[in-house]
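Just so it is clear, the model here is predicted, and its values are computed rather than measured. Every heavy atom of this structure was used, including side-chain atoms; hydrogens, water molecules and symmetry mates were not.
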Amino acid sequence: IERAQDDYLAPISWEIGYAVVGLPKWLPHPGKRRMRRLEQELRSAVAALITARRRAPGDTPDLLTRLLAATHPETGEPMSDAQLVDNLLTFYSAGHATTAMALTWTLYLLARSPAWAERLVSEIATVCGEGAVEARHVELLVETQMVLKEAMRLYPPAPVLSRLAVKECQFSGVKVAAGSHIVVPIYAVHRHTRLWRDPDRFDPERFSPDLAKGIDRYQYLPFGGGPRICIGMAFAMIEATVLLARFLQRFSFEAAAGYGPEPISRVTLRPRGGMQLTVRRRG
């Protein structure tokens with residue numbers, strides 16, 4: 001599943017570009033035939049997981065169990081297999097990859113900012129000791145969350161947001177026709193000189209409890225905004241905070257001198273060729 005997912009996303013920019021300019025789905029582009037094959041591989045792999053779980057249900061209270069038990073609030077009908085596959089792939093693609101990329105870029109920034117890395121190590125030791133990071137610790141890891149938020153400002157896991165205008169509207173006097181595709185370049189918004197002071201600098205203090213109050217709701221969009229804001233926003237922040245704390249409890253991360261990853265947009269913002277960091281066990 002991981003291999004097929006990565007290979008499927010490689011030519012995704014063509015699909016997005018075609019959608020933006022309204023080209024028909026059947027029009028070929030480089031990698032299209034391979035994408036369709038990989039899509040079938042992904043759907044078949046997930047369908048096999050569903051079949052296996054039905055044969056041996058068990059009592060694991062995970063997402064798949066909950067989706068299998070879910071029913072329509074009006075009709076009482078369960079999800080079809082196609083709906084189950086769609087939902088599981090969406091949660092995997094949108095939920096796993098985004099958090100993974102947020103942590104990847106955060107570790108890179110900490111590798112380049114040893115003073116901040118040590119601040120987090122100290123905070124985590126004070127709040128959690130050497131044991132597991134528990135639910136009661138999360139809200140106390142203030143600086144850890146400041147760093148995560150600043151990392152997602154500089155390297156938003158989802159760098160572009162798109163919307164469809166369902167009716168004619170205006171933005172600052174510019175008329176937008178109904179049916180228009182609207183693209184919000186979150187990466188650019190997060191680095192705009194009119195919105196942020198010294199926007200290209202890594203400065204987690206921007207998200208300190210006092211300063212964060214001055215950030216406009218639509219100035220910072222790592223999870224999108226409006227009615228379609230990311231359904232997993234709260235969970236993702238808890239998950240990322242716990243994982244980052246556990247990583248820093250056990251390991252240190254270093255970047256080679258002069259190393260600078262190249263960000264590429266493939267639904268998520270990824271470092272081309274992977275992130276090259278040296279990982280050392282603490283103690």
Query - Minimum heavy-atom distance between P209 and K213, given as atom pair plus value - result: O-CG, 3.5 Å
**Report entry** Path from I16 to V189 over hydrophobic side-chain contacts below 4.5 Å
**Finding:** no
Requested in this report: Over all heavy atoms of both residues, which pair between L67 and M79 is shortest? Give the atoms and the distance, please.
Outcome: CD2-CE, 3.8 Å
Report task. Using a cut-off of 6.0 Å, state whether more than 12 heavy atoms not belonging to E134 lie near its atom CD. Result -> yes
Query - Pairing of R119 and E205 as salt bridge, 4.0 angstrom limit - result: yes
Query raised in the report: Is there a path of hydrophobic side-chain contacts, each under 4.5 Å between heavy atoms of I, L, V, M, F, W or Y residues, that connects L211 with L221?
Result: no
Report summary line: Distance col, row Y220:OH vs I186:CD1, nearest 0.5 angstrom, shows 10.5 Å
**Report entry** Expected output: side-chain E168 to main-chain G179 donor-acceptor under 3.5 Å
**Finding:** no
Query raised in the report: If you measure only the distance, is there a donor-acceptor pair under 3.5 Å linking the side chains of T71 and E77?
Result: no
Query raised in the report: Less than 4.0 Å between a side-chain N and a carboxylate O, is that true for E41 and R37?
Result: yes
Requested in this report: Using atom types as modelled and distance alone, determine if a side-chain donor or acceptor of H181 lies under 3.5 Å from a backbone N or O of R163.
Outcome: no
Report task. To the nearest 0.5 angstrom, please state how far the OG atom of S180 sits from the NZ atom of K167. Result -> 14.0 Å
Requested in this report: Return the minimal non-hydrogen interatomic distance between P157 and M152, and the atom names on each side.
Outcome: CD-CG, 3.9 Å
Report task. Taking the side chain as every heavy atom from C-beta outward, state whether P11 and K32 have any pair of such atoms under 4.5 Å apart. Result -> no
Query - Exercise: identify the closest heavy-atom pair between R66 and P61 - result: NE-O, 3.6 Å
Query raised in the report: Can a salt bridge be assigned to the pair R270 and D6 using a cut-off of 4.0 Å between side-chain N and carboxylate O?
Result: yes
Requested in this report: Name all residues meeting the side chain to side chain contact (heavy atoms under 4.5 Å, CB included) criterion together with S265; count only those two or more places apart in sequence or in a different chain, and write none if there are none.
Outcome: P159
Query raised in the report: Any donor and acceptor pair, going by atom type alone, linking the side chain of Q5 with main-chain N or O of E2 inside 3.5 Å?
Result: no
Query - Donor-acceptor contact below 3.5 Å, side chain Q276 vs main chain A255 - result: no
Requested in this report: Flag the pair E262 / P271 as yes when at least one side-chain heavy-atom distance between them is below 4.5 Å, and no otherwise.
Outcome: no
Query raised in the report: Would you say L141 and F235 are hydrophobically clustered, going by side-chain heavy atoms of ILVMFWY under 4.5 Å?
Result: no
Query raised in the report: Do Y8 side-chain atoms and R34 backbone N/O form a donor-acceptor pair below 3.5 Å?
Result: no
**Report entry** Any donor-acceptor N/O pair, S122 side chain to E118 backbone, under 3.5 Å
**Finding:** no
N/O donor-acceptor pairs under 3.5 Å from side chains in residues 95-110, not counting sequence neighbours:
| from | atom 1 | to | atom 2 | distance (Å) |
| --- | --- | --- | --- | --- |
| T98 | OG1 | A94 | O | 2.5 |
| T98 | OG1 | G95 | O | 3.3 |
| T99 | OG1 | G95 | O | 3.1 |
| T99 | OG1 | E239 | OE1 | 3.4 |
| T104 | OG1 | A100 | O | 2.8 |
| W105 | NE1 | L269 | O | 2.9 |
| T106 | OG1 | A102 | O | 2.6 |
| Y108 | OH | R112 | NH1 | 2.9 |

Report task. Taking the side chain as every heavy atom from C-beta outward, state whether R153 and P199 have any pair of such atoms under 4.5 Å apart. Result -> yes
Requested in this report: Evaluate whether atom CZ of R201 has more than 12 neighbouring non-hydrogen atoms of other residues, nucleotides or ligands under 6.0 angstrom away.
Outcome: yes
Query raised in the report: Is there a donor-acceptor pair under 3.5 Å between the side chain of Q219 and the backbone N or O of L195?
Result: yes
Query raised in the report: What distance do L243 atom CG and I238 atom CD1 have between them, rounded to the nearest 0.5 Å?
Result: 12.0 Å
Requested in this report: Is it possible for you to check whether R206 lies under 6.0 Å from the centre of the six-membered ring of W196, through NZ or CZ, and within 45° of that ring's axis?
Outcome: no
Query raised in the report: Does some side-chain heavy atom of V160 sit less than 4.5 Å from a side-chain heavy atom of V183?
Result: yes
Query raised in the report: Any side-chain heavy-atom pair from L89 and R43 closer than 4.5 angstrom?
Result: yes
Query raised in the report: Heavy-atom count around Q83 CD within 6.0 Å, excluding the residue itself: above 12?
Result: yes
Please tabulate, for side-chain N and O atoms in residues 45-54, each donor-acceptor pair with protein atoms closer than 3.5 Å (sequence neighbours left out).
| from | atom 1 | to | atom 2 | distance (Å) |
| --- | --- | --- | --- | --- |
| T51 | OG1 | A47 | O | 3.1 |
| R53 | NH1 | D62 | OD1 | 3.0 |
| R53 | NH1 | D62 | OD2 | 3.3 |
| R53 | NH1 | T65 | OG1 | 2.8 |
| R53 | NH2 | D62 | OD2 | 2.9 |
| R54 | NH1 | D81 | OD1 | 3.0 |
| R54 | NH2 | D81 | OD1 | 2.9 |

**Report entry** Heavy atoms of other groups near R282 CZ, more than 12 under 6.0 Å
**Finding:** yes
Query - S252 side, atom OG; R280 side, atom CZ - distance, nearest 0.5 Å - result: 6.5 Å
Query raised in the report: Looking at K25 and E15, does any basic side-chain N land under 4.0 Å from a carboxylate oxygen?
Result: no
Query - Any donor-acceptor N/O pair, Q145 side chain to V142 backbone, under 3.5 Å - result: no
Report task. Starting from the C-alpha separation in whole Å, work towards a yes-or-no answer on side-chain contact (heavy atoms from CB on, under 4.5 Å) for I215 and F207. Result -> CA-CA 9 Å; I215 298 175; F207 293 95; 3.5 Å; yes
Query raised in the report: Hey, mind stepping through R3 and L38 against side-chain contact (heavy atoms from CB on, under 4.5 Å) and telling me if it holds?
Result: CA-CA 9 Å; R3 176 191 55 77; L38 290 166; 4.1 Å; yes
**Report entry** Cation-pi check, R191 onto Y155 ring (under 6.0 Å, within 45° of axis)
**Finding:** yes
Query raised in the report: Would you find more than 12 non-hydrogen atoms of other residues, nucleotides or ligands less than 6.0 Å from R250 atom CZ?
Result: no
Query - G274 versus Y259, closest heavy-atom pair with distance - result: O-OH, 3.5 Å
Query raised in the report: Linking I/L/V/M/F/W/Y whenever their side-chain heavy atoms sit closer than 4.5 Å, directly or via other members, would I231 and I229 fall into one cluster?
Result: no
Query - Verdict with supporting geometry, R197 and D203, side-chain contact (heavy atoms from CB on, under 4.5 Å) - result: CA-CA 10 Å; R197 178 178 51 82; D203 181 14; 3.9 Å; yes
**Report entry** E123 side chain vs T144 backbone, donor-acceptor pair below 3.5 Å
**Finding:** yes
Report task. Flag the pair E143 and K149 as a salt bridge only when some basic side-chain nitrogen lies within less than 4.0 angstrom of an acidic carboxylate oxygen. Result -> no
Requested in this report: Measure the spacing between CG of L9 and OG1 of T268 and express it to the nearest 0.5 Å.
Outcome: 6.5 Å
Report summary line: Closest heavy-atom pair, P222 versus H190, reported as atoms and distance to 0.1 Å, is N-CE1, 3.8 Å
Query - pair I124-R246: side-chain heavy atoms closer than 4.5 Å - result: no
Query raised in the report: Is any side-chain heavy atom of F171 less than 4.5 Å from a side-chain heavy atom of V176?
Result: yes
Query raised in the report: Are there more than 12 heavy atoms of other residues, nucleotides or ligands under 6.0 Å from atom CZ of F202?
Result: yes
Report task. Kindly work out whether a path of hydrophobic side-chain contacts (I/L/V/M/F/W/Y, heavy atoms less than 4.5 Å apart) joins V147 to F251. Result -> yes
Report summary line: To the nearest 0.5 Å, atom OG1 of T241 lies from atom CG of L148 at 5.0 Å
Query raised in the report: Below 4.5 Å, heavy atoms only, C-beta onward: do T278 and F253 meet side chain to side chain?
Result: no
Query raised in the report: Should we say atom CZ of R228 is surrounded by more than 12 heavy atoms from elsewhere, each under 6.0 Å from it?
Result: no
